[in-house]
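Since the model is a prediction, treat every value here as computed from it, not as a measurement.
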Amino acid sequence: MINIYCYFTPSHEILYKNFFLPSIPEGFSVVPLQSDVQDCTTAAFKSPGWGDTQLKKIVYWIKTIRENEGKVIIGSDVDAQFFNLTPSLVNDLLKDHDILFQWNGGKVLVCAGFFIGRCNANTLSLFEQLYETLIHDIKGIDDQSYLNMMLGMAVGGSKARLESDIAAADGAIAIDHAVLKSNYPETTFIHSPSLQPNVRWGILPPSLFWLPGFFYRSVNELTVPEQIVFHHANWCIGLEKKIEQLEFVRNIIADRKLSNNIAYQFNEGERL
């Protein structure tokens, strides 16, 4: 049994109850922590109180890692849903990594809202350093941006080839900055020299652990991978937009299952 940990505020309870919790697959157990305080009254990305909420979430990750030494866990935002994820896939992907993050796209390539991690000194140090950086921040930089600067995944220049290669991956991608800089000279990787965590980390395959990766006008612009096992409803602002995206993806997966079942029954009938 692998535990899935999540931290959310009252505004996001609807996402937890209607999408996240009902989708938890067999072999996993959810461990939720709902805050009694709504620091961010609008519940919108980077609006007042957003940073306080993210800081509390990082404290929760630190506490969770300390209490589960040696175990493999999942940490997730609740604007998300699971489809056919299995414990064996989680363990196969993690292998010798300390932690795997979801690919985000944009100017910061790692998403801070979902990870598969091993509770050890390396992952603990990563989140402790992130926490210390945030509480001393005077620039108003968010946790995801700092995480990417720590991991050297805040980027500039052209990243088309990099994103294409990441999108085509069918397994976890171990990150080696020397290799990245050599293979993608057209991409600038911004790495803060004062933030260098000692952690073996990588990227989850985007075709399995999917999010939009760009700001869209209509959900009809989104292309949901056939083999998706996890969906994170980001790249939109506000609860209504998140619910719309979650429903859109859930309906697509349901329609695919129905079509596959009909095709299977038809083929079985043909054989009789």
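- Taking both residues in full, the closest heavy atoms of P32 and F8 are given as CB-CE2, 4.0 Å, listed atom of the first, atom of the second, then distance.
- Considering N3, I4, I2 as possible partners of S29, the one that fulfils the side chain to side chain contact (heavy atoms under 4.5 Å, CB included) test is N3.
- For the atom pair L33 CG and K56 NZ, the distance stands at 10.5 Å (nearest 0.5 Å).
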Item to check | Evaluation steps, side chain to side chain contact (heavy atoms under 4.5 Å, CB included), between V30 and I24 | outcome: CA-CA 7 Å; V30 65; I24 300 298; 4.2 Å; yes
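- One finds the CG atom of N122 at 5.0 Å from the CG atom of N198 (value rounded to the nearest 0.5 Å).
- Taking every heavy atom of both residues into account, P225 and S207 meet most closely at CB-O, 3.3 Å.
- W61 pairs in a ring pair (Phe, Tyr, Trp, His ring centres under 6.0 Å) with only one of the listed residues (F115, Y5, Y7), which is F115.
- Between H12 and D79, the side chains place no donor N or O within less than 3.5 Å of an acceptor N or O (distance only, hydrogens not considered).
- Distance alone, capped at 3.5 Å, places no donor-acceptor pair between the R118 side chain and the D96 backbone.
- For CD of Q227, the number of neighbouring non-hydrogen atoms (other residues, nucleotides, ligands) closer than 6.0 Å is greater than 12.
- In this structure, I173 is not a member of the same hydrophobic cluster as W210, with clusters built from ILVMFWY side-chain heavy atoms closer than 4.5 Å.
- Here the closest non-hydrogen pair linking H97 and A172 is CE1-CB, 4.3 Å.
- Taking 4.0 Å as the cut-off between side-chain N and carboxylate O, R200 and D98 count as a salt-bridged pair.
- Ionic pairing of K159 and E186 is not present here: no N-O contact between side-chain nitrogen and carboxylate oxygen is shorter than 4.0 angstrom.
- At distances below 3.5 Å, not a single donor-acceptor pair connects side-chain atoms of S218 with backbone N or O atoms of E221.
- Counting all heavy atoms, side chain and backbone alike, I116 lies closest to L94 at O-CD1, 3.8 Å.
- For the pair S125 (side chain) and A121 (backbone), a donor-acceptor distance under 3.5 Å is absent.
- In this structure, L246 is not a member of the same hydrophobic cluster as I253, with clusters built from ILVMFWY side-chain heavy atoms closer than 4.5 Å.
- Residue pairs meeting the salt bridge (charged side-chain N to carboxylate O under 4.0 Å, His left out) criterion with at least one member in residues 7-34, sequence neighbours excluded: E13-K17.
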Next on the checklist: Would L134 and I58 count as a side chain to side chain contact (heavy atoms under 4.5 Å, CB included) here? Give the steps.
Outcome noted: CA-CA 10 Å; L134 282 169; I58 293 167; 3.2 Å; yes
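- Q81 contributes no side-chain N or O that, together with a main-chain N or O of F19, makes up a donor-acceptor pair within less than 3.5 Å.
- The closest donor-acceptor contact from the side chain of S76 to the backbone of C6 lies at 3.5 Å or more, if one exists at all.
- Pairing each heavy atom of C119 with each of T64, the nearest pair is SG-O, 4.4 Å.
- Residue I237 is not grouped with residue V219 when hydrophobic side chains (ILVMFWY) are merged at heavy-atom distances under 4.5 angstrom, including chains of intermediate members.
- Counting only N and O atoms by type, the side chains of T123 and N120 include a donor and acceptor under 3.5 Å apart.
- Note on K63 versus E67: salt bridge recorded, some NZ/NE/NH1/NH2 to OD/OE distance being below 4.0 Å.
- Rounding to the nearest 0.5 Å gives a distance of 9.0 Å between CG of L208 and CG of L85.
- With values rounded to the nearest 0.5 angstrom, R161 atom CZ is found 12.0 Å from I166 atom CD1.
- Side-chain contact check for C236 versus F215: every heavy-atom pair is 4.5 Å or farther apart.
- Not one N or O on the side chain of E128 forms a donor-acceptor pair closer than 3.5 Å with the backbone of I62.
- Between F248 and L222 the shortest side-chain heavy-atom distance falls below 4.5 Å.
- A pairwise comparison of heavy atoms in I252 and V224 identifies CD1-CG2, 3.8 Å as the closest pair.
- Applying the side chain to side chain contact (heavy atoms under 4.5 Å, CB included) test between F127 and each of D143, I99, V59 identifies I99 as the sole match.
- Here the two rings, on F114 and F101, have centers that are 6.0 Å apart or farther.
- For the pair Q144 and N104, the minimum side-chain heavy-atom distance is below 4.5 Å.
- Y184 and D165 are linked by a side-chain donor-acceptor pair at a separation below 3.5 angstrom, with hydrogens and angles left out of the test.
- Aromatic ring centroids of F230 and F83 lie 6.0 Å or more apart.
- V108 and L55 are members of different hydrophobic clusters when ILVMFWY side chains are connected at heavy-atom separations under 4.5 Å.
- Atoms NE2 and CG, from H231 and L211 in turn, are 7.5 Å apart once rounded to the nearest 0.5 Å.
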Item to check | Worked check of side chain to side chain contact (heavy atoms under 4.5 Å, CB included) between L130 and L126 | outcome: CA-CA 6 Å; L130 180 58; L126 173 68; 5.8 Å; no
Next on the checklist: Set out, in order, the CA-CA distance, both residues' side-chain angles and the distance that settles side-chain hydrogen bond (donor to acceptor under 3.5 Å, both in side chains) for Q245 and K242, then state yes or no.
Outcome noted: CA-CA 5 Å; Q245 188 188 134; K242 288 184 178 293; over 6 Å; no
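- Counting non-hydrogen atoms of other residues, nucleotides and ligands closer than 6.0 Å to CD1 of I14 gives a total of 12 or fewer.
- Atoms OH and CG, on Y16 and L21 in that order, are 4.0 Å from each other to the nearest 0.5 Å.
- A donor-acceptor pair is defined here as one N or O able to donate and one able to accept, closer than 3.5 Å; no such pair exists between the side chain of R66 and the backbone of L124.
- Between F82 and F20, the distance from one ring center to the other falls under 6.0 angstrom.
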Checklist entry - Could you walk me through whether W103 and L109 pass the side chain to side chain contact (heavy atoms under 4.5 Å, CB included) check? => result CA-CA 6 Å; W103 179 257; L109 300 182; 3.5 Å; yes
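- Following chains of ILVMFWY side-chain contacts shorter than 4.5 Å, one can reach V90 starting from L93, so the two form part of one hydrophobic cluster.
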